[in-house]
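The figures that follow rest on heavy atoms only: side chains count, while hydrogens, waters and symmetry mates do not. Counting starts at 1 for both ligands and their atoms, following the listed order. For this chain, numbers begin at 1 and follow the sequence in order.
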Amino acid sequence: MKLTKLKLPVLAALIAFMAMACQDKTEEKTEKGPPNILFIMADDHAYQAISAYGHGLNETPNIDRIANEGAIFTRATVTNSICAPSRAVLLTGKHSFVNGKVDNVQPFDWEQDNFPKLLQKNGYQTALIGKIHLDGLPTGFDYSMVLPGQGHYYNPDFLVNGETKRFEGYVTDITTEETLKWLDQGRDKDKPFVLMYHQKAPHRNWKPAPEYLTLYDDQEFTPPSNFYDQETGYAGRGTAARTQEMEIDGEAMWGHDFKMVIDPYGDSTGFDRELARFTPEQLAQWNAAYDPKNEAFKKAFGQGDEATFSPEKRREIANWKFNRYIKDYLRTIKSVDDGVGEVLDYLEANGLAENTIVVYTSDQGFYLGEHGWFDKRFMYEQSFRTPLLIRYPKEIEPGTSIDKLVQNLDFAPTFLDYAGVDVPKEMQGESFRQLVSGESSEWRDAVYYTYYEYPSVHMVKRHYGVATDRYKLMHFYYDIDEWEMYDLEKDPQEMNNIYEDPQYAEVRATMHERLKELREKYGDSDANDKKFLDAYLEAYNKNK
Ligand code: SGN
Ligand code: CA
């Protein structure tokens with residue numbers, strides 16, 4: 001019988017049957033077999049700025065979906081709170097002093113194993129889209145489209161499989177569009193995938209998307225209670241807190257950070273150079289949003305000699321700076337959250353939600369005015385911790401909350417575990433698969449931390465330390481030799497160094513013991529630091 005001769009209802013039934021058969025086939029490929037991995041990373045996204053963490057700053061409904069339908073980790077931490085090193089740890093499953101990428105300056109060795117490489121060898125298709133901040137062509141990826149270095153918010157260049165291409169538009173949206181395009185057209189539907197979807201936002205200098213330039217304009221944000229910490233000279237802390245250079249009312253700049261072309265006291269800031277990258281339309285939108293706000297500030301605070309301002313007036317200005325900072329920061333997160341929503345929707349619409357592990361995290365935490373700061377680097381809680389949400393309907397109960405000390409060191413072994421691939425011996429992390437599924441509650445009770453990038457922008461001194469659920473012990477070294485210890489239960493804001501407090505003598509001895517154990521376990525020693533120091537100083541002095 002010819003098709004044309006078929007009666008309409010019969011034809012409709014036939015089409016419906018064929019569609020069902022097709023769908024069955026897709027489901028078979030996507031729902032069975034090794035799970036897909038969608039690894040979403042933002043840059044400098046503080047857990048305080050994800051509504052699932054309950055800080056009440058902003059709403060991130062799409063990122064929250066991952067936690068609501070899966071698990072949230074309330075004490076996930078990084079081993080080294082800085083961008084490129086964190087990414088190297090994530091890929092290799094090895095501490096910085098083992099994988100070699102101890103700071104943003106030294107080269108990353110792409111020759112060593114990384115988890116996408118191992119999964120690729122085991123039948124996975126792998127892709128990396130967005131920011132990676134590691135020099136050299138990524139290895140382990142069938143497709144890579146990465147920002148060179150930090151990348152630009154507006155009209156960014158990308159290295160597409162190593163070749164530079166300029167894209168017009170807003171970086172967060174482009175990263176999302178390209179991720180969706182890869183899922184739809186780049187993906188080999190016969191293979192499981194690892195897709196690293198890495199946003200640049202909310203990295204400094206927090207340039208929002210055209211549609212969000214005025215979001216939060218009608219709101220006033222209250223700074224954290226220790227925002228004016230600097231007024232006390234960081235009493236109760238040591239030299240490292242006092243000598244950092246990351247104060248919102250201090251190092252943050254009128255141009256680069258607060259987006260004024262001419263500062264309130266009449267000086268040019270050079271911010272117009274950053275706007276040269278914009279298209280005329282983007283520039284018009286930008287100016288229409290920022291000019292009135294900047295003018296209002298100048299009218300209120302621009303007259304007189306800054307040095308003679310009263311303490312009240314200085315505080316009002318600091319409060320304005322905090323508001324400009326936090327609003328721009330949260331605006332950039334709005335676009336990140338939109339993108340997460342689009343990608344999650346895509347998974348659902350294409351039968352991929354059940355068999356895809358979705359992770360949302362950041363390369364580290366960030367200060368949103370705690371201690372008066374922006375930036376990261378310290379082992380103090382806001383930058384030591386990182387947001388971590390994971391969804392995998394097959395194994396993780398919706399609404400799971402885990403307070404154990406997992407680290408970015410654990411990602412590589414965890415993903416290999418999910419994929420059924422052997423974890424190489426040199427990987428130092430642990431799989432948290434059984435912890436998050438509820439199959440086991442056994443977990444480490446202390447974690448190790450190192451930070452090296454000093455001297456450098458923001459001037460956070462070199463340190464290492466150990467943290468348990470309640471205590472933290474840190475050693476700041478190189479050009480000082482100071483120990484700090486905190487009791488997070490009594491002093492969650494870490495305002496009072498108890499290292500010399502006789503009441504804590506026993507805790508202090510135990511923490512020293514734990515630190516020694518961990519340094520031995522992971523193979524760290526003072527000699528390691530010396531190994532990287534000369535190369536760092538040489539590169540730092542050259543780039544200065
Ligand atoms: C840039 C930023 C710093 C930031 C470092 C490291 N300055 O230098 O504020 O600490 O990157 O950030 S900016 O003028 O470029 O905004 S990291 O995320 O790459 O580690
Ligand atoms: Ca970062």
Quiz item: Tell me, which N, O or S atom in D43 is closest to the Ca ion (ligand 2)?
Solution: OD1
Quiz item: How far is atom 3 (C) of ligand 1 from its nearest protein heavy atom, and which residue and atom name does that atom have?
Solution: H458 NE2, 3.4 Å
Exercise. Please could you name the atoms of ligand 1 that D43 approaches to less than 4.0 Å, counting only its heavy atoms?
Key: 18 (O)
Quiz item: At what distance is the nearest protein heavy atom to atom 12 (O) of ligand 1, and which residue and atom is it?
Solution: K376 NZ, 2.9 Å
Quiz item: Is it the case that R315 places NZ or CZ above or below the six-membered ring of Y228, under 6.0 angstrom from the centre and within 45 degrees of the axis?
Solution: yes
Practice problem: Carefully, step by step, assess T77 and Q407 under the rule side-chain hydrogen bond (donor to acceptor under 3.5 Å, both in side chains). | Solution: CA-CA 5 Å; T77 64; Q407 291 200 288; 3.2 Å; yes
Quiz prompt | atom 8 (O) of ligand 1: the protein heavy-atom neighbour that sits closest, reported with distance to 0.1 Å | solution = V457 CG1, 4.3 Å
Quiz item: With no hydrogens and no angle check, do the side chains of Y234 and Q244 hold a donor and an acceptor under 3.5 Å apart?
Solution: yes
Practice problem: Output yes when a side-chain donor or acceptor of N114 lies under 3.5 Å from a complementary backbone atom of T92, and no otherwise. | Solution: no
Quiz item: Which of the numbered atoms in ligand 1 are below 4.0 angstrom from a heavy atom of I82?
Solution: 20 (O)
Quiz prompt | Contact atoms of ligand 1, heavy-atom distance to H133 under 4.0 Å | solution = 19 (O)
Quiz item: Any idea which protein heavy atom is nearest atom 7 (N) of ligand 1, and the distance to it?
Solution: R204 NH1, 3.3 Å
Quiz item: Does an N or O anywhere in C83 fall below 3.5 Å from an N or O of ligand 1?
Solution: yes
Quiz item: Around atom CZ of R277, are there more than 12 heavy atoms of other residues, nucleotides or ligands at under 6.0 Å?
Solution: yes
Quiz item: Are the aromatic ring centres of F384 and Y449 under 6.0 angstrom apart?
Solution: yes
Self-check item: Under 3.5 Å: N/O of D375 near N/O of ligand 1
Solution: yes
Self-check item: Opening angle between OD1 in D363 and OE1 in Q364, taken at the Ca ion (ligand 2), to 10 degrees
Solution: 70°
Quiz item: Hey, does the side chain of E484 reach the backbone of R237 with a donor-acceptor pair shorter than 3.5 angstrom?
Solution: no
Practice problem: Determine which of the N, O or S atoms in D44 is closest to the Ca ion (ligand 2) and give its atom name. | Solution: OD1
Quiz item: If you measure from each heavy atom of M246 to ligand 1, is any distance below 4.0 Å?
Solution: no
Quiz item: Taking distance alone, with no angle check, do N205 and ligand 1 share an N/O pair under 3.5 Å?
Solution: no
Practice problem: Provide, to 0.1 Å, the distance between atom 15 (O) of ligand 1 and the closest protein heavy atom, together with that atom's residue and name. | Solution: H256 NE2, 4.2 Å
Practice problem: Please confirm whether R462 makes a cation-pi placement over Y536, using NZ or CZ under 6.0 Å from the six-membered ring centre and within 45° of the ring normal. | Solution: yes
Self-check item: Distance-only polar pair, side chains of E211 and S335, donor-acceptor under 3.5 Å
Solution: no
Quiz item: Counting each atom of ligand 1 from 1 as listed, which ones have a heavy atom of R377 under 4.0 Å away?
Solution: 4 (C), 5 (C), 6 (C), 10 (O)
Self-check item: Ionic contact status for D526 with R519, cut-off 4.0 Å
Solution: yes
Quiz prompt | NZ or CZ of K200 within 45° of Y153 ring axis and under 6.0 Å | solution = yes
Quiz item: Does any N/O atom on Q150 come nearer than 3.5 Å to any N/O atom on ligand 1?
Solution: yes
